[in-house]
Amino acid sequence: MNTLLKIACSVALTASLWGQIQPKVEGHESPADVARRAVEGERATASAPQNNPFESEQDIQKGDVLFQTHCSNCHGTFGAGGRGADLTTGLYRFGGSDAELYRTIRNGIPGSEMGPPQVNDDDLWRLAAFVKRLGLAPPEDAPGDAAEGKVVYLTAGCGSCHSINGQGGTLGPDLSDVGRRRGLAFLEESLLKPEADLPTNHRGTRLLTSAGETIAGIRLNEDDYSIQIRDTSGNPRSFLKHELKGIQRDDPSLMPAYGSLLSEKQIEDLTAYLATLKGMQ
Ligand code: HEC
Ligand code: HEC
């Protein structure tokens, strides 16, 4: 088949799929719904055009408006990131081609906080066009000195709780790619107000045993009968709930607030250093 014919076929197929598939995303999907949506998502993205059909200046502007509604609370007004990844670097873990951006946005990122937005397919493409435009912007420059920040990281003892490229502790989240996952403002906030944005799997938990002992740690897992935590010495421990006198959740973060422990310059340098950690060594 020649290329033109192939494109024509894939556009026709996509058009017919677009007719059938109404992206249906609800608060409480059953596992079967989730599985069905994943299959539909694969099918729709596999047959989607390779090049963005909605890339005019007008589409990009509309994409900006959509971005402010559906994305900016995590990615920031200018896409520089926050709770979500910095989209201005032009580096993409999930691919930066038109088709790949469309796919990431359409399906969300399983296992992350990012779900699929409730918008129609034309608007998905407009969002992809706007995200692509963001990636062409010059990269966000951290004001601090990353080399100095690395020294602060090593001397302040961050590595007792955090790992970078396999080195360090496990009480806090792995930071090897934190500079790709999070934007500058979020990174700085993590240092100043660690309780502000708790990733749920590292929630602080305090257990009171029937023997009267209090055990602090982070929650790893929990069901109706038992709870698993990693205690502050780094040991995973499991408890039956009926053997506990109490479970206190959502403690303030186990991470110290560094605003009073480090100088403003040290915080700035540390933030710059964290921003360089992209998980790509
Ligand atoms: C609830 C927060 C949240 C919302 C809302 C959100 N995202 Fe994300 N997004 C994230 C996080 C977190 C990541 C990083 C995930 C990872 O790499 O594990 C991410 C990653 C991405 C990536 C992948 C970048 C790469 O490296 O490949 C793109 C593209 C993206 N988001 C676009 C969007 C768009 C467009 C919207 C709005 C339709 C949106 N996001 C809404 C949190 C969010
Ligand atoms: C006592 C353990 C501990 C120490 C010491 C510690 N942290 Fe944390 N950190 C945590 C925990 C636990 C979290 C996860 C959520 C929360 O409680 O904020 C976290 C979260 C973070 C985050 C957010 C990560 C993400 O994925 O969103 C960053 C960035 C961070 N820490 C950097 C640092 C730096 C830099 C230092 C040293 C100045 C440091 N931490 C020292 C325990 C610690």
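First listed ligand is number 1; within each ligand, the first listed atom is number 1. Here the structure is a predicted model, which means the values were calculated and not measured.
Here the side chain of N120 pairs a donor or acceptor atom with the backbone of D123 at under 3.5 angstrom. Although no hydrogens or angles enter the test, the distance criterion places no donor-acceptor pair under 3.5 Å between the side chain of Q68 and the main chain of V65. The backbone N or O of A85 sits less than 3.5 Å from a side-chain atom of H75, completing a donor-acceptor pair. A donor-acceptor pair is defined here as one N or O able to donate and one able to accept, closer than 3.5 Å; no such pair exists between the side chain of S163 and the backbone of G166.
Centred on atom 8 (Fe) of ligand 2, the SD atom of M255 and the NE2 atom of H162 lie at an angle of 180°, reported to 10°.
For atom 18 (O) of ligand 1, the candidate residues are R126, R181, H70, R93; the nearest heavy-atom contact is made by R93. Comparing heavy-atom distances from atom 43 (C) of ligand 2 across G149, C158, C161 singles out C161 as nearest. Between G95, P117, C74, A85, it is A85 that holds the heavy atom closest to atom 13 (C) of ligand 1. Which of K132, Q118, M114 comes nearest to atom 32 (C) of ligand 1 through a heavy atom is settled by distance: it is M114.
Ligand-side atoms of ligand 2 in range of L191: 32 (C), 33 (C), 34 (C), 35 (C), range being under 4.0 angstrom from any heavy atom. The contact set between ligand 1 and G84, taken as ligand atoms under 4.0 Å from a residue heavy atom, comprises 10 (C), 11 (C), 12 (C), 42 (C). Listed by atom number, the atoms of ligand 2 under 4.0 Å from G172 heavy atoms are 10 (C), 11 (C), 12 (C). Remark: ligand 2 atoms within the under-4.0 Å shell around heavy atoms of R182 are 25 (C), 26 (O), 27 (O). If you number the atoms of ligand 2 from 1 as listed, the ones under 4.0 Å from a heavy atom of F186 come out as 27 (O). Distances below 4.0 Å separate heavy atoms of L171 from the following atoms of ligand 2: 12 (C).
Note on H75: its N/O/S atom closest to atom 8 (Fe) of ligand 1 is NE2.
The protein non-hydrogen atom at the shortest distance from atom 24 (C) of ligand 1 is L87 CD2, 4.0 Å. Looking at atom 20 (C) of ligand 1, its nearest protein heavy atom turns out to be I109 CD1, 3.3 Å. The shortest contact between atom 27 (O) of ligand 1 and any protein heavy atom is with F94 N, 2.9 Å. At the top of the distance list for atom 12 (C) of ligand 1, counting protein heavy atoms only, stands R83 O, 3.5 Å.
Atoms CG and CZ, on L175 and R181 in that order, are 7.5 Å from each other to the nearest 0.5 Å. Of the inter-residue distances, the one linking D145 atom CG with K265 atom NZ reads 5.5 Å to the nearest 0.5 angstrom. Atoms OH and CG, on Y273 and L187 in that order, are 12.5 Å from each other to the nearest 0.5 Å.
Taking all atoms of both residues into account, the shortest heavy-atom contact from S210 to E243 is OG-O, 2.7 Å.
Heavy-atom separations between R180 and ligand 1 include at least one value shorter than 4.0 Å. Within the structure, ligand 2 lacks Y273 among the residues with a heavy atom less than 4.0 angstrom away.
Counted by atom type alone, T271 and E268 present zero donor-acceptor pairs between their side chains at under 3.5 Å.
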K62 and D59: CA distance, side-chain angles, deciding distance, salt bridge (Lys or Arg N to Asp or Glu O under 4.0 Å) verdict: CA-CA 5 Å; K62 190 143 187 254; D59 287 318; over 6 Å; no
Y102/D121 under side-chain hydrogen bond (donor to acceptor under 3.5 Å, both in side chains): CA gap, chis, key distance, verdict: CA-CA 9 Å; Y102 166 83; D121 271 287; 2.6 Å; yes
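Contacts of C71 with ligand 1, taken as heavy-atom pairs under 4.0 Å, involve both backbone and side chain. The part of V131 lying near ligand 1 is the side chain, judged by heavy-atom distances below 4.0 Å. The part of L270 lying near ligand 2 is the side chain, judged by heavy-atom distances below 4.0 Å.
Geometrically, R133 does not engage F130 in a cation-pi contact defined by less than 6.0 Å to the ring centre and at most 45° from the axis.
Using a 4.5 Å cut-off on side-chain heavy atoms (C-beta onward), K245 and T209 make no contact.
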